[in-house]
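Input: a single structure, listed below in structure tokens.
So you know, we letter chains A, B, ... as the sequences are listed, proteins then strands, and number each from 1.
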Number of protein chains: 2
Amino acid sequence: MPVPSVPLGSEPSVVPPRRRRRKEARPGEILDAALEVFSAKGFSAARPDEIAALAGISKGTLYLYFPSKEELFKAMVRQTVLPNVGEMERWAAAFDGSATEMFQGLLARIARLFSTHRVGRMPKIIISEATAFPELAQFWIGEVVERAFAVMRSILDRGVAAGEFTPVRAEAVIVLFSPMLMLALWNQSIGPAVGRPLDPEMIAAEAARFLLDGIRVREEAR
Amino acid sequence: MPVPSVPLGSEPSVVPPRRRRRKEARPGEILDAALEVFSAKGFSAARPDEIAALAGISKGTLYLYFPSKEELFKAMVRQTVLPNVGEMERWAAAFDGSATEMFQGLLARIARLFSTHRVGRMPKIIISEATAFPELAQFWIGEVVERAFAVMRSILDRGVAAGEFTPVRAEAVIVLFSPMLMLALWNQSIGPAVGRPLDPEMIAAEAARFLLDGIRVREEAR
DNA sequence: CGAATTAATGACTAACCAGTCAGTAAGTTG
DNA sequence: CAACTTACTGACTGGTTAGTCATTAATTCG
């Protein structure tokens with residue numbers, strides 16, 4: 001019996017030979033595995049052998065597609081992050097509503113993205129590795145931070161123009177993002193280690209409330 | 001000339017022999033060097049040889065004082081962090097003023113601490129290593145996060161009691177800390193790699209403004 | 001079907017590194 | 001000053017790992 005028989009009732013697909021040639025599918029699978037392992041262990045502790053095994057290939061094959069561990073790491077960051085930035089920009093460009101609603105919507109969107117998609121793991125990775133890979137940090141600033149800040153600025157400008165918002169200085173925009181970043185960092189490192197995850201929706205809602213109106217009681221009397 | 005002469009005008013201290021016996025001073029010096037190297041490279045990439053060299057001793061001596069790299073790491077975290085938490089608690093207990101002033105004061109204090117003292121490097125280290133050292137994350141939660149949250153809660157309670165603040169749910173307290181944590185993380189990883197440090201005082205002031213009153217314009221009209 | 005092409009493999013190597021320990025010398029005691 | 005104690009050293013070991021390459025086998029083409 002050289003070829004194992006396919007069990008009755010299973011998919012009519014072919015039984016996979018030990019070594020399949022799948023040049024097109026490999027890079028994506030490798031990058032998926034790399035995200036998994038890099039985000040769990042950090043750059044130095046992640047082993048190419050483990051990434052390869054998770055992708056269902058040998059280490060030699062991994063090095064056929066990526067010239068080094070470092071290049072693999074950078075490619076993984078690009079593939080994970082860039083599509084999501086573009087999508088956020090399109091959402092912002094098409095948004096129809098008040099600046100307040102848009103601000104709340106942006107935070108809620110980021111919270112949902114971080115909790116459902118693996119981009120949520122990127123802030124932790126970038127912060128951990130920025131010192132060792134300044135080049136990566138520069139890429140991150142240019143391709144992610146700048147573009148996210150631009151989206152936030154467009155919301156603020158809309159709000160100021162409509163008389164909804166007070167002006168906000170450019171250097172302080174990061175403060176408006178900080179609760180969502182904290183959420184991602186917490187849920188990807190300290191939270192799981194301690195069994196106390198944060199609820200993304202609740203954090204987004206509370207952050208929007210604080211940042212829009214603050215925790216002080218409104219002065220009713222003049 | 002077996003003993004090199006001390007140059008005129010220099011300190012009247014003895015010329016250090018190659019091997020000095022300084023049992024009392026070593027642990028502290030080693031922990032300082034460890035903070036330096038661990039915060040620059042992360043746990044896995046930091047080499048005991050390098051830490052020892054920075055502390056002015058050999059690797060063998062390092063292992064005389066700490067049984068392993070991991071124990072050295074934990075001792076370094078404890079020594080760096082604990083004294084500062086206690087000081088913050090004493091400040092809070094002695095504070096005399098409105099809740100608003102206390103909130104602003106706390107953020108300003110944290111900003112100053114992070115920019116002048118090496119505790120500013122701890123958030124990055126903890127977040128990076130929490131997955132690999134769950135035990136460390138638990139220590140951090142219990143000894144730092146809980147106590148910092150308690151200080152913040154005391155401010156919020158004072159504010160609510162005085163009619164200054166609206167009530168804030170316990171799970172959302174982290175949002176009030178997030179700008180200061182973001183500041184520390186940025187200035188210890190992405191910022192330097194990209195030549196764009198954040199100004200701590202400005203971030204503290206803007207964060208306090210946003211969190212107290214929000215970015216929305218106050219409704220003058222009823 | 002047989003030859004040619006190339007995707008995939010995994011044993012190998014060169015380098016690295018945490019931790020050890022036999023030996024050295026600084027300091028102490030009688 | 002001699003005998004002793006102990007802080008300190010650094011060459012070494014055992015284990016690990018990033019990256020290589022000769023070999024194998026899946027696929028294509030004539």
Side-chain angles (χ1 to χ4, degrees), chain A residues 2-4 13-38 40-76 129 132-133 136, chain B residues 2-4 13-38 40-76 129 132-133 136:
Chain A
V3 174
S13 65
V14 278
V15 171
R18 265 151 312 210
R19 311 163 118 197
R20 254 180 308 182
R21 296 162 61 112
R22 294 168 54 247
K23 194 179 180 175
E24 297 71 24
R26 297 297 187 209
E29 294 172 3
I30 296 172
L31 290 170
D32 284 355
L35 171 59
E36 198 59 38
V37 176
F38 278 130
K41 313 214 161 165
F43 182 80
S44 337
R47 293 185 296 105
D49 249 328
E50 189 181 348
I51 295 171
L54 192 62
I57 56 171
S58 72
K59 186 167 57 155
T61 304
L62 190 160
Y63 279 94
L64 241 41
Y65 290 97
F66 298 92
S68 70
K69 188 179 165 185
E70 186 167 339
E71 286 304 317
L72 171 61
F73 181 69
K74 290 190 214 158
M76 176 275 287
E129 309 299 343
F133 300 102
L136 181 75
Chain B
V3 174
S13 64
V14 279
V15 171
R18 266 151 310 210
R19 312 164 116 196
R20 254 181 310 184
R21 294 161 61 110
R22 293 168 56 245
K23 194 178 179 175
E24 297 71 24
R26 297 298 187 209
E29 293 172 3
I30 295 172
L31 289 171
D32 284 356
L35 170 60
E36 197 60 38
V37 176
F38 279 130
K41 312 212 161 168
F43 182 80
S44 335
R47 291 185 296 106
D49 249 327
E50 189 181 349
I51 295 171
L54 192 62
I57 56 170
S58 72
K59 186 167 56 156
T61 304
L62 191 159
Y63 280 95
L64 241 42
Y65 290 97
F66 298 93
S68 70
K69 187 178 165 185
E70 185 166 338
E71 286 305 319
L72 172 60
F73 181 69
K74 290 190 213 158
M76 177 274 287
E129 308 299 343
F133 300 101
L136 181 75

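Between the CG atom in A/Leu54 and the CG atom in A/Leu62 there is a gap of 11.0 Å [rounded to 0.5 Å]. Atom CZ in B/Arg22 sits 11.5 Å away from atom OG1 in B/Thr61 (nearest 0.5 Å). The NZ atom of A/Lys59 sits 4.5 Å away from the CG atom of A/Asp49 when rounded to the nearest 0.5 Å.
At the phosphate of C/dG27, neither OP1 nor OP2 sits under 4.0 Å from any side-chain N or O atom of B/Arg20. The side chain of A/Thr61 places no N or O atom within less than 4.0 Å of a non-bridging phosphate oxygen (OP1 or OP2) of C/dA7.
As a whole-Å value, the separation of B/Phe73 CZ from C/dG19 P is 14 Å. As a whole-Å value, the separation of A/Arg47 CZ from D/dT16 C1' is 8 Å. As rounded to whole Å, 24 Å separates atom P of D/dT6 from atom OH of B/Tyr63. The CD-C1' distance, from A/Glu50 to D/dT16, rounds to 14 Å in whole Å.
Looking at which nucleotide of DNA chain D each of A/Ser44 and B/Leu62 is closest to, the 5′-most match is held by B/Leu62. Along DNA chain D, the nucleotide nearest B/Lys59 and the nucleotide nearest B/Arg22 are compared for position; the residue whose nucleotide lies closer to the 5' end is B/Arg22. For the pair B/Lys69 and A/Ser58, nearest-nucleotide mapping onto DNA chain C gives the more 5' position to A/Ser58.
For B/Ser68, taking side-chain heavy atoms from C-beta onward, the closest of the listed nucleotides D/dA18, D/dA7, C/dG19 is C/dG19. Counting only heavy atoms from C-beta on, A/Pro48 has its side chain closest to D/dA18 among D/dT9, D/dA18, D/dC8.
Note on B/Ala46: only backbone sugar-phosphate atoms sit closer than 4.0 angstrom, heavy atoms only; bases stay farther off. Among the atoms of the strands shown, none is found under 4.0 Å from any heavy atom of A/Phe66. Within 4.0 Å of A/Leu64, counting heavy atoms only, lies at least one base atom of the nucleic acid.
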Using the rule given for side-chain contact (heavy atoms from CB on, under 4.5 Å), can you reason through A/Phe38 versus A/Glu129, listing the C-alpha separation, both sets of side-chain angles and the distance that settles it, and then say yes or no?
CA-CA 11 Å; A/Phe38 278 130; A/Glu129 309 299 343; over 6 Å; no
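For B/Arg21 against D/dT6, a side-chain N or O and a base N or O form a donor-acceptor pair under 3.5 Å.
Checked against A/Leu72 for a side chain to side chain contact (heavy atoms under 4.5 Å, CB included), the options A/Tyr63, A/Phe66, A/Tyr65 give a single hit: A/Phe66.
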